[in-house]
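This report concerns only the one structure given below.
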Amino acid sequence: MDTAPPPLAVSAAPAAVSAALTETNVRVTSGFRGAGIVVYGAVLDPHDRPSDVVVVVRGPDQPIRIARKVRIAGLWLNSRPVVFQGAPGFYMTASTRPLDQIAGFGTLRRLGLGLDHLAINAPLEQRTETRYGVRDVVVSRLGADYLDWRRAVLRLKEKAGLYDADAAGVRFVDKSLFRAEIRLPAEAPIGRYQAEIRLFQNGQEVAVRERDLIVEKVGAERALHQFSQNRPWTYGIVSVLIALGSGWAASAAFRRS
Amino acid sequence: MDLYLPIAEVSVNAPLLMALGALVGFVSGLFGIGGGFLMTPVLVFLGIPPVVAVASEANHVVASSASGVITYGRKRLVDFRMGGVLAFGGVIGAFLGVEAFRILRLLGQADLTVALSYLIFLGVIGALMLSESLGAILRRRRGEPARAPRDRRPMWLYGLPLKMRFPRSRLYISVIPPIALGMFVGVLSAIMGVGGGFILVPAMVYLLRMPARIVVGTSLFQIIITTALVTVLQAGRNQTVDIVLATVLLVGGVIGAQLGARASARFRAEELRALLALIVLLVGLRMGLGLFITPQDPFVLAGGGG
């Protein structure tokens, strides 16, 4: 969608958003130190209503195992780990304003938008039961602590630089042209990413664009990774031979000197 | 100069890693230990996932031990027969240990097991070695004669069946104690991600009463066999060996090991042991410290822990 939609004569013409990424392939080489993904686009609204733009970049899902430190007999030990399924390996939002000013709680929750509303859960800890005559109520075994656990997942991921929310990350560079930059750290997972560009007006989402982004290893990194995956035993033997060979080479070199 | 590691999927500083590899290699050549108990915690601290750190470190240990063994072997300071018997036990132990560790990981207690193993084994061995070697140094300073080691060799060592001659070590003992020792070290090496030299060296000195000069090379020889096996198992089963990481480490490691093997001739045996004891003790205490300090964040990512 790089061309503007045909102008409509209707007064309630819906606003639209158009966007693209400067790079759709991030190539991970031996010198990879992270990348900056630039999203740019335009709000197409014949009426120039006040608009907010939210850009979400989401990486491939990576289940998270998390444990809580508990004090037993004076020692800090790990509790049984809880697995959070469906947590993205990378999740960044950039927006023109803080998300809670752009839309209401219900809208954000329904869209699963932002770190506070991101849908991640621990299905193994959940069961359904009948409560107050209502069937199939989802109950978490983590009980009231559930929010603590969820917050911890977000906190640990934020500390690793993999989750973040930039409430001023989208800037309007011209009347309707906007630009956002998302920082991808070197630790970001490999795989298929989605960039969603959402247009909000008056607290409601009015348009959305999706763009794909691929983070992939290239060259020697790719070859080595595939070697280790496809022929793991040969890979292991080769690793050992390299180690033995270099040990021998070093001792031979030092013997002469 | 940053380098992206294809399996660990993180970017690290290459010269720093190479220097660390050389330092650990030096310690390895000097004491006849793999050095894994030093390197694995450092790698984890640098942000490399623990499972990758453990597996790649095993490969690094293969290289620096090989470098050291060849040098010791040339001086006829390796008892290959004793090393082979120890390694036989080590191989059985490594298989058992990998299985035990897999179960512990599923229970989420891998971190605890690793920390406790470090604290208990490094702490106890470090303390014992330190007191023994300091005693020896003090006795020598006072001009007292060194205690004759022979008369304290435990008698049960001779009572067991399956005796074998170890001419290089001047021993004629049952193979059961060395195999049992190798197995025990094999289990620990799988759990702690180390070669186990820090247990083998004192056990061979104090338990088997092997001549101290033979111990270092023999220990390195058995370490090569077990860590080579661990590397292949880890690569084949878990795909966690990072060949780039291992190569960066071993470039420094093999050179450091050579320097270490040469430097070892310049020190007295008991001084070397005192130094090693100190390092072992410090690492053990540092690793165990986490059990007693209130954590900053009560939640941790339970990736695997090793």
Side-chain angles (χ1 to χ4, degrees), chain A residues 28-34 64-71 74-82 148-149 151-153 155-156 159-160 186-190 217 220-225 227-229 232-233 235-240 242-255, chain B residues 2-4 6-7 9-11 47 59-71 74 107-112 224 228 231-239 241-244 246-247 250-251 253-255 257-259 261-262 290-295 297-304:
Chain A
V28 176
T29 59
S30 60
F32 185 64
R33 300 174 68 178
I64 297 172
R65 273 156 57 90
I66 185 171
R68 181 186 229 159
K69 294 267 184 198
V70 284
R71 191 158 200 178
L75 296 180
W76 286 97
L77 309 180
N78 283 0
S79 69
R80 199 170 48 87
V82 170
D148 282 348
W149 285 85
R151 268 199 292 270
V153 169
R155 188 170 61 236
L156 291 170
K159 218 157 74 180
E187 288 77 17
I190 302 294
K217 294 173 184 168
E221 277 58 42
R222 181 186 172 85
L224 282 176
H225 185 76
F227 183 23
S228 78
Q229 294 292 319
W233 296 99
Y235 176 91
I237 291 166
V238 168
S239 305
V240 169
I242 291 176
L244 289 174
S246 57
W248 174 81
S251 89
F254 269 76
R255 191 188 189 184
Chain B
D2 283 3
L3 187 67
Y4 183 83
I7 311 295
E9 300 189 341
V10 293
S11 155
N59 199 30
H60 167 228
V61 170
V62 173
S64 44
S65 308
S67 170
V69 156
I70 296 170
T71 307
R74 224 176 264 137
L107 294 173
Q109 296 307 331
D111 289 351
L112 166 69
I224 291 181
T231 304
V232 175
L233 279 180
Q234 295 275 23
R237 281 230 154 164
N238 308 326
Q239 286 96 45
V241 176
D242 196 308
I243 207 165
V244 174
T247 308
L250 67 81
V251 167
V254 291
I255 298 169
Q258 287 296 317
L259 298 175
R262 291 186 170 202
L291 291 172
F292 300 100
I293 296 178
T294 306
D297 193 325
F299 292 93
V300 285
L301 288 178

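Hydrogens, waters and symmetry mates are skipped; everything else that's a heavy atom, side chains included, is used. From a predicted model like this one, the values you see are computed outputs, not experimental measurements. Just so it is clear: chains get the letters A, B, ... in the order the sequence lines come, proteins before strands, and each one is counted from 1.
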Non-hydrogen atoms of chain A under 4.5 Å away: do they reach the side chain of B:A228, the backbone, both or neither? both
Determine the option with the most heavy-atom pairs under 4.5 angstrom with chain B, choosing from A:P189, A:A220, A:A188, A:P232. A:P232
Between A:S246 and A:I242 (side chain of the first, backbone of the second, donor and acceptor by atom type, cut-off under 3.5 Å), is there such a pair? yes
Does a side chain donor of either A:S228 or B:Q239 reach within less than 3.5 Å of an acceptor in the other side chain? no
By a 4.5 Å heavy-atom criterion (distance strictly below it), what part of A:I237 contacts chain B: side chain, backbone, both, or neither? both
Interface check, chain A: of B:V254, B:V10, B:I243, most non-hydrogen pairs under 4.5 Å belong to B:I243
Flag the one option from B:V251, B:V232, B:V69 with the top tally of heavy-atom pairs under 4.5 Å to chain A. B:V232
For B:S64 and B:G253, which heavy atoms make the closest approach, and how far apart are they? CB-O, 3.8 Å
What part of A:V28 is in contact with chain B, defined as an atom under 4.5 angstrom from a non-hydrogen atom: side chain, backbone, both or neither? side chain
Heavy-atom contact with chain A under 4.5 Å, split by part of B:I224: side chain
Heavy-atom distances under 4.5 Å only: say whether B:V244 touches chain A with side chain, backbone, both or neither. side chain
Quick one: of B:L259, B:D242, B:V62, who has the most non-hydrogen atom pairs under 4.5 Å with chain A? B:V62
Could you work out, with side chain to side chain donor-acceptor pair (under 3.5 Å) as the rule, every residue matching B:E9, not counting sequence neighbours? A:K217
Relative to chain A, which segment of B:I255 carries a heavy atom at a distance below 4.5 Å: side chain, backbone, both, or neither? both
Any side-chain heavy-atom pair of B:V241 and B:I7 under 4.5 Å: no
Residue pair A:R65, A:V82: steps toward the side chain to side chain contact (heavy atoms under 4.5 Å, CB included) verdict: CA-CA 6 Å; A:R65 273 156 57 90; A:V82 170; over 6 Å; no
Counterpart residues, side chain to side chain donor-acceptor pair (under 3.5 Å), relative to B:T231 (two or more places apart): none
Measuring heavy-atom distances to chain B, does A:R71 have an atom under 4.5 Å in its side chain, in its backbone, in both, or in neither? side chain
